[in-house]
Amino acid sequence: MIWLGGVAAFWAAALALNVWLSNSPWRRTWAVRLAVPAIFGLTILVVWEGLVRGLGVPSVILPPPTAIGARIASSTSILWVDFVQTFVKGALSGYVMGCSAAVLTAILIDRSPFLKRGLLPVGNFIAALPIIGTAPILVMWFGFDWQSKAAVVVAMVFFPVLVNTVQGLAASDPMQRDLMRTWSASYGQTLLKLRLPAAMPFIFNGLKIATTLALIGAIVAEFFGSPIRGMGFRISTEVGRLALDMVWAEIAVAALAGSAFYGLVALAERAVTFWHPSQRGE
Amino acid sequence: MRSVLPILTVVMAILALWYGAAVMLNRQWTLDQAARAGQDLTIAQIVADTMAQERPKLPAPHQVGAELWNTTGAMVLEGRAFTRRSLIWHGWVTLSATLVGFGIGTGLGILLAVGIVHNRAMDMSVMPWAIASQTIPILAIAPMIIVVLNSVGISGLLPKAIISAYLSFFPVVVGMVAGLRSPDRMQLDLLRTYSASPSQAFWKLRWPSSMPYLFTSLKVGMAASLVGAIVGELPTGAVRGLGARLLAGSYYGQTVQIWSALFAAAILAATLVGIIGLIQRITLKRMGMAR
C-alpha cells in the first residue's frame, strides 16, 4: 500500500510540476525544455518501480528498473562483448558497406535517365518490403558469425539510402547546373562542387533512417543463428531462461546505442549541411 | 506510363542476375554430386541441374514461383486453402495480427497526437521521447513480449498484435503531430475571428489538413506492423504464420520454402501499402488536395 500510495503521490507531484513548468514564463529556455521530458521519463521509471513492488509482480514478468540497473552494473563485460559483436562488427560494418555501395550505385545510375526511371520505383517498392525476412537466407549463406549480420544490414540499408541519394542528386536546380555549364565545368566538377553538396540533406535523411534499420537488422538476424555472443542471441536465450532483467539490460544498451548512433549521424549532418535552411533555423 | 519500359528492364535485369547467381551458387553441389558418382557433366547439364535442386543454396525464380503456386493456388483448387501446409493460412495468421495491431497502434497514435497538439505539458514531456523512440531498435523486445504474455496465459494473436501496434504507434504519432500542426497561423487566426471553438477548429481545419501526413505515416506504420507480426512469430517456435515458415525453413534447410514465405510477405506488404495508397489517392482527390 505504501508503494502504491507513494507512486500516486509522486505521479501527481510530477504531473503538477510539468504542467506548471510548461506554462511558466521560462518554458522557452533550454533548461526547461530538457527538464520536462526528463521529469516525465523519471516519473515512468518511478511508477514502474512502485507498481512492480507494490503489486508484487514477479520478476519473470516485469523486473523493476533498479534490478535492471543492478544487472547492467554487474554484467558490463558480457554487455560489452555483445555490443562489440552486434553493433561494431555486425551493424556498423554492414552500415558502412551498405551506405557507401548505395551512394556509389546512385551516382552511377544517375548518368542514365533510363535506369533512373526504372530503378527508382523498384527501389521504392523494395524499401517498403519486409527485408528482414532475408535474414535466414543470409545466415545460411554467410554462416553464423558477424558476416551474415553485416549482409542483412547491407540488404536493409541499401535501398532507402539509394532512393534518397538519387532524389538528392536531382535536387540542384536547373539554373545552378546551367551556371556550372557556362563555366565549362566537367561532369566530375559539377558532381563534386554542386550536385553532391546539394544532395547532402537527402543523403543524410537516408543515412538517419538507415541507423535504426542497421541495428534492427543485426539484432533480428541473430535470432536465426549466431555464435554464443551478441545482443540478439542474448535476448533470445535469456528470454528462454526467463532472466528478464538481463533482457531489459540488453534492450537498454540497444536503445542507448541506437540513439547515440542516430545522434552522431545527425551531428555529422549538421556539420556538413550547415547551409541548409533546416539547420540554420533556430 | 513512360516508365513502364525502364521498370520492366530493371525487373528483367534482376531476374537475369538472379538466374546467374543461382547457377554460380548451386554449381558446387552439382559438381560434388557428379564427382562422387564419377561422372563428367557438360555445361548444359550443370545449368539444368542447378535450376532444379531439392535444397538449392539459391532457388531459381521459377522454383519459388512454383512453390508459391503449389502452396496457394493449387491448394485452393483442391479445396484445402486453410490447411497447415497452405501459405494462405499462414499468411492469414500473420495478416490478422498485423491488421489488429495496426488498428490499435494507429488509433492510439492519433489520440496521443491530438493530446500533444492541444496540451502543452503533454507536448513538452512526451514528444521528445516519441522522437527518440524512433531511433531505438524496438523490435528487439518482441521475443520478450511474446514469452512474457505467454507465461501469463495470453497467446495466439494478441501478443503479435501488441508488437505490431507498438511498431506502428510512433510513426503515426510523429506524423500526425506534424499534420495537425500544418495549418498556418493565418488560417488558425481566421478561425479565431469566426470565434470557432477548439473542437470546430479541430474538425474543420486541423483534421482535414493533416490527411496527407496521416496517409504517409499509415504507409510507414503498415510496413512496420507487418515486420512486427513476422518477428513476433519467431519465438513461439515456428508453429503458424509467415515468420514461422521462415524459421522452420531455416531449421530444416528448406530454402525454397524460405523464399516463398519471403515473397508471400513481400506481396502482402505491397498489397497493404498499395491499398492505403489507393485510399489516399481517392480521399485526397475528393478533398481537393490531390497533387
Side-chain angles (χ1 to χ4, degrees), chain A residues 15 18-19 21-23 27 32-33 36-37 39-41 60-62 114-122 125-126 128-130 132-137 139-141 208 211-212 215-216 219-220 223-225 231-232 235-236 239-240 242 244 247-248 250-251 254-255 257-259 261-263, chain B residues 2-3 5-11 13-14 25 57-58 119-129 132-144 146-148 151-152 219-220 223 226-227 230-231 234-235 242-243 246-247 249-250 253 255 258-259 261-262 265-266 268-270 273:
Chain A
L15 183 69
N18 258 357
V19 169
L21 271 179
S22 54
N23 289 311
R27 65 167 185 267
V32 171
R33 279 162 171 273
V36 171
I39 293 170
F40 179 74
V60 291
I61 291 177
L62 189 65
F114 180 80
L115 263 184
K116 217 165 62 177
R117 277 218 306 277
L119 213 64
L120 212 54
V122 176
F125 174 74
I126 296 180
L129 298 184
I132 196 76
T134 55
I137 297 159
V139 168
M140 219 176 261
W141 285 358
K208 284 195 286 190
T211 54
T212 322
L215 208 47
I216 288 176
I219 291 177
V220 173
F223 295 161
F224 287 96
M231 294 158 115
I235 288 172
S236 55
V239 158
L242 289 179
L244 286 194
V247 178
W248 278 102
E250 289 286 353
I251 289 168
S259 317
F261 193 13
Y262 185 93
Chain B
R2 67 197 185 98
S3 33
L5 187 65
I7 292 176
L8 277 181
T9 319
V10 169
V11 171
I14 290 175
L25 283 168
K57 269 193 156 171
L58 174 63
N119 183 329
R120 196 184 290 137
M122 233 164 133
D123 175 24
M124 288 182 76
S125 20
V126 181
M127 204 50 197
W129 291 104
S133 73
Q134 302 224 298
T135 68
I136 295 171
I138 299 172
L139 216 48
I141 65 173
M144 186 177 62
I146 298 283
V147 171
V148 165
S151 71
V152 188
K219 283 184 193 166
V220 176
L226 186 64
V227 172
I230 290 175
V231 173
L234 298 180
L242 292 175
L246 285 176
L247 194 64
S250 93
T255 40
I258 301 182
W259 279 92
L262 188 58
L268 206 56
V273 174

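Just so you know, these numbers use all the heavy atoms, side chains as well, and skip hydrogens, waters and symmetry mates. A, B, ... follow the sequence lines: proteins, then strands. Residue 1 opens every chain.
Ranking A:Leu15, A:Ile39, A:Asn23 against chain B, the residue ahead of the rest is A:Asn23, based on heavy-atom pairs under 4.5 Å. Taking A:Ile132, A:Ile137, A:Ile216, A:Leu215 one by one and counting their heavy-atom pairs under 4.5 Å with chain B, the maximum is reached by A:Ile137. Annotation: maximal heavy-atom pairing with chain B below 4.5 Å, among A:Leu62, A:Asn18, A:Ile61, occurs at A:Ile61. When the candidates A:Glu250, A:Met231, A:Met140 are compared by the number of heavy-atom contacts under 4.5 Å with chain B, A:Met140 comes out ahead. Chosen from A:Thr212, A:Leu244, A:Leu119, the residue pairing most often with chain B at heavy-atom distances under 4.5 Å is A:Thr212. In terms of heavy-atom pairs under 4.5 angstrom with chain B, the leader among A:Gly258, A:Pro130, A:Ala254, A:Ala257 is A:Pro130. In terms of non-hydrogen atom pairs under 4.5 Å with chain A, the most contact-rich of B:Ala223, B:Gly249, B:Pro143 is B:Pro143.
Proximity to chain A (any heavy atom under 4.5 Å) is restricted, for B:Ala269, to the side chain, taken from C-beta onward. Looking at B:Leu268, there are no atoms closer than 4.5 Å to chain A (heavy atoms on both sides), in backbone or side chain. Both the backbone and the side chain of B:Leu246 come within less than 4.5 Å of a heavy atom of chain A. No part of B:Leu8 comes within reach of chain A, as not one of its non-hydrogen atoms sits under 4.5 angstrom from that chain. Looking at A:Ser236, there are no atoms closer than 4.5 Å to chain B (heavy atoms on both sides), in backbone or side chain. Interface remark: A:Val19 contributes backbone and side-chain atoms alike to the contact with chain B (heavy atom separation under 4.5 Å). A:Val32 touches chain B through backbone and side chain together, each having a heavy atom under 4.5 Å away.
A donor-acceptor pair is defined here as one N or O able to donate and one able to accept, closer than 3.5 Å; no such pair exists between the side chain of B:Asp123 and the backbone of B:Asn119.
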Residue pair B:Leu226, B:Leu242: steps toward the side chain to side chain contact (heavy atoms under 4.5 Å, CB included) verdict: CA-CA 10 Å; B:Leu226 186 64; B:Leu242 292 175; 5.6 Å; no
Side chain to side chain contact (heavy atoms under 4.5 Å, CB included) assessment of A:Thr134 paired with B:Leu262: CA-CA 7 Å; A:Thr134 55; B:Leu262 188 58; 3.6 Å; yes
Worked check of side chain to side chain contact (heavy atoms under 4.5 Å, CB included) between A:Phe223 and B:Leu247: CA-CA 9 Å; A:Phe223 295 161; B:Leu247 194 64; over 6 Å; no
Residues A:Leu115, B:Thr9; criterion side chain to side chain contact (heavy atoms under 4.5 Å, CB included); working and verdict: CA-CA 8 Å; A:Leu115 263 184; B:Thr9 319; over 6 Å; no
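Across every non-hydrogen atom of A:Pro136 and B:Ile258, the tightest pair is CG-CG2, 4.0 Å. Counting all heavy atoms, side chain and backbone alike, A:Val239 lies closest to B:Met144 at CG2-CA, 3.8 Å.
For the pair A:Val122/B:Ile14, a side-chain contact is recorded, criterion being any heavy-atom separation below 4.5 Å from C-beta on.
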